Number of protein chains: 2
Amino acid sequence: MNISNTLQVNRPAVQPIPQPSLKRLPQYHHYLVDMETKGITRISCSAIGRDLGLVPVQVRKDLQYTGIIGKPKTGYSVSELIQAIEKFLGWNNVNEAFLVGVGNLGTALLGHERFSKFGLRIVAAFDTDPAKIGQWIHQKAVLPLDKLADLAPRMNILLGIITTPAEAAQAVADEMVKGCIQAIWNFAPVKLKVPEHIIVHNEDLYSTLASLSWKLARRLGVTVQEKQEKEAV
Amino acid sequence: MNISNTLQVNRPAVQPIPQPSLKRLPQYHHYLVDMETKGITRISCSAIGRDLGLVPVQVRKDLQYTGIIGKPKTGYSVSELIQAIEKFLGWNNVNEAFLVGVGNLGTALLGHERFSKFGLRIVAAFDTDPAKIGQWIHQKAVLPLDKLADLAPRMNILLGIITTPAEAAQAVADEMVKGCIQAIWNFAPVKLKVPEHIIVHNEDLYSTLASLSWKLARRLGVTVQEKQEKEAV
DNA sequence: TGGTTATCGGTATGAATATATCGAATACGT
DNA sequence: ACGTATTCGATATATTCATACCGATAACCA
Ligand SMILES: NC(=O)c1ccc[n+]([C@@H]2O[C@H](COP(=O)([O-])OP(=O)(O)OC[C@H]3O[C@@H](n4cnc5c(N)ncnc54)[C@H](O)[C@@H]3O)[C@@H](O)[C@H]2O)c1
Ligand SMILES: NC(=O)c1ccc[n+]([C@@H]2O[C@H](COP(=O)([O-])OP(=O)(O)OC[C@H]3O[C@@H](n4cnc5c(N)ncnc54)[C@H](O)[C@@H]3O)[C@@H](O)[C@H]2O)c1
């Protein structure tokens, strides 16, 4: 893994898309697919912005990162734009993933067929609970966790999803690292300690909950509220 | 609703905590509770920052919004800090909520007992599927959606959770608004059109997925990557 | 055909957020 | 008891992100 690190350092500077823009791209994508099914073939930033609650300039800037080029007066081709976003996000070629922790949340994710449209296929699940191991949940086998580090490299799995209780998450992450997994989608509310080259994204539902309850606790003035509604992820 | 709006406008400016800080508070909370169970009674921003991957200054600034005051050389009292965060976020008094859409994700949320520690109690679920209505899932009744607008005001429910397919989300939101629900936690990947005074927060799992797959698609140079790991929510 | 209008793309400005710096306070060791 | 190291809290700077602006271009209409 030192090798790959070194290689990466020497690469030319990567196109730096702002994190917020990156996170808005899927929203555009959803919206555009919806428009396409409605038979709309061309669309402008103003229209997108109106429907998604964003100012047109921001939409335009975000979309520019995908490399799409629009035409004055008519905007963008909807299908081209969808393609551009999918290509940019790497949603054309599927990432296969392992999921660890077949509880409430893990089961829900396993059952979400639609992920395959967004470049994600969960191919197997892992747990430590003997009652769960050996079961098939949503057509995926539940395997013992200690098989993960061995299987991942052989199946060339690069992505791991953690839906275990917080206490177990670090140990699971360690196993994933051992299995040469490159990126981790972590639903447990803990900061994982992993080597630098591993990509970790936390999905912290409690963050959103905090925002909501804070705002609900002190009902905000509308001016402030409006601003923060726009910021809502 | 005009009345409440007007009242809100006249209120003094609300203490403006940055959205990013607000979202970090639950992370501190988790960490601190963990520390407390380990018997640690005092803690410094440097220690928190080290364990959570943040620079000490940022931790200090975030915590200051809660009104906590620390002592030089020793830092903060862990228990006081936990209290301060909980009070600040309104996690002391419970918000009761309705959940709509008892599918994969809805069921997972219904089963998450731990939410009650974070000021959230889901008291009932709603759906339109006759097969689901009348069931009890995780000790919560599944009721027909058309009862929602009537029940919410009578039970004084202010928070709604949407876990339906995207196509149904807007209609559900409309029902919630009809039932005078004040805040919506939306898991469907659509922008909801609601009156201005309603607080909406979207939990867009696809956003995170986009980040992950983008980074995975072009394995980044480490320097860039390091920065973005810190930004990972 | 020429004017009008909507829209894109690039650049400039502004706001929000993150980080650095510095003095004051407090515990700790000598 | 006194110097030293650590940390807080406040202020200042830097960076990132959002928004405003402007010229150029293409469709549309008279
Ligand atoms: N369910 C939700 O709605 C929800 C909401 C917010 C956050 N979360 C977070 O998601 C995570 C999972 O939540 P959940 O409700 O699904 O929990 P859960 O208890 O229902 O499921 C946890 C699963 O992980 C398995 N597990 C435990 N230790 C393990 C280990 N060392 N290795 C492998 N598997 C192990 C358990 O056997 C179980 O199947 C938690 O960290 C929780 O904080 C869940
Ligand atoms: N499950 C996941 O892992 C996951 C991941 C990302 C996003 N999401 C999003 O969360 C939402 C729910 O996903 P899911 O997998 O739980 O879907 P699901 O199909 O399993 O469940 C949807 C539920 O909503 C109910 N429903 C449909 N129309 C309704 C209406 N008009 N009123 C009330 N209830 C209605 C259905 O009967 C069903 O019970 C979707 O918008 C999806 O995009 C889910």
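Chain letters run A, B, ... following the sequence lines, proteins first and then strands; every chain starts at 1. What you see is a predicted model; the values in this text were computed from it and never measured.
Rounded to a whole Å, the CD1 atom of Ile69(A) is 13 Å from the P atom of dC8(C). Tyr65(A) places its OH atom 13 Å from the C1' atom of dG9(C), with the value rounded to the nearest Å. As a whole-Å value, the separation of Glu80(A) CD from dC8(C) C1' is 15 Å. Gln58(B) has its CD atom 17 Å from the P atom of dA10(D), to the nearest Å. Between the CZ atom of Arg50(B) and the P atom of dT7(D) there is a distance of 9 Å, rounded to whole Å. At whole-Å resolution of the value, NZ in Lys23(A) and C1' in dT16(D) are 16 Å apart. As a whole-Å value, the separation of Leu63(A) CG from dA18(D) C1' is 15 Å. Rounded to a whole Å, the NZ atom of Lys61(A) is 12 Å from the P atom of dG10(C).
With sequence neighbours left out, Arg24(B) forms a salt bridge (Lys or Arg N to Asp or Glu O under 4.0 Å) with Asp62(B). For Lys73(A), there are no side-chain hydrogen bond (donor to acceptor under 3.5 Å, both in side chains) partners at least two apart in sequence or on another chain.
Atom CD1 of Ile69(B) sits in a sparse spot, with 12 or fewer heavy atoms from other residues, nucleotides or ligands closer than 6.0 Å.
For Pro72(B), taking side-chain heavy atoms from C-beta onward, the closest of the listed nucleotides dC8(D), dA27(C), dA18(D) is dC8(D). Side chain of Tyr76(A), nearest nucleotide from dG9(C), dA18(D), dT7(D): dG9(C). In the set dA6(C), dA20(C), dT25(D), dA20(C) carries the atom at the smallest distance from any side-chain atom of Val57(B). Nearest to the side-chain atoms of Gln64(A) among the listed nucleotides dA18(C), dG9(C), dT17(C) stands dG9(C).
The side chain of Lys71(B) contributes an N or O atom lying less than 4.0 Å from OP1 or OP2 of dA27(C). Put simply, Thr74(B) has no side-chain N or O that comes within less than 4.0 Å of OP1 or OP2 on dA27(C).
With hydrogens and angles ignored, a donor-acceptor pair closer than 3.5 Å exists between the side chain of Lys73(A) and the base of dT5(C).
Mapping Arg24(B) and Arg60(B) onto DNA chain C by nearest heavy atom places Arg24(B) at the nucleotide closer to the 5' end. Nearer to the 5' terminus of DNA chain D, by closest-nucleotide assignment, is the contact made by Ile68(B) (compared with the other of Ile68(B) and Ser21(A)).
Under the 30°/60° scheme for interplanar angles, the aromatic rings of Phe187(B) and Trp185(B) are found to be tilted.
Salt bridge annotation for Asp34(A)-Lys38(A): present, with a cationic side-chain nitrogen under 4.0 angstrom from a carboxylate oxygen.
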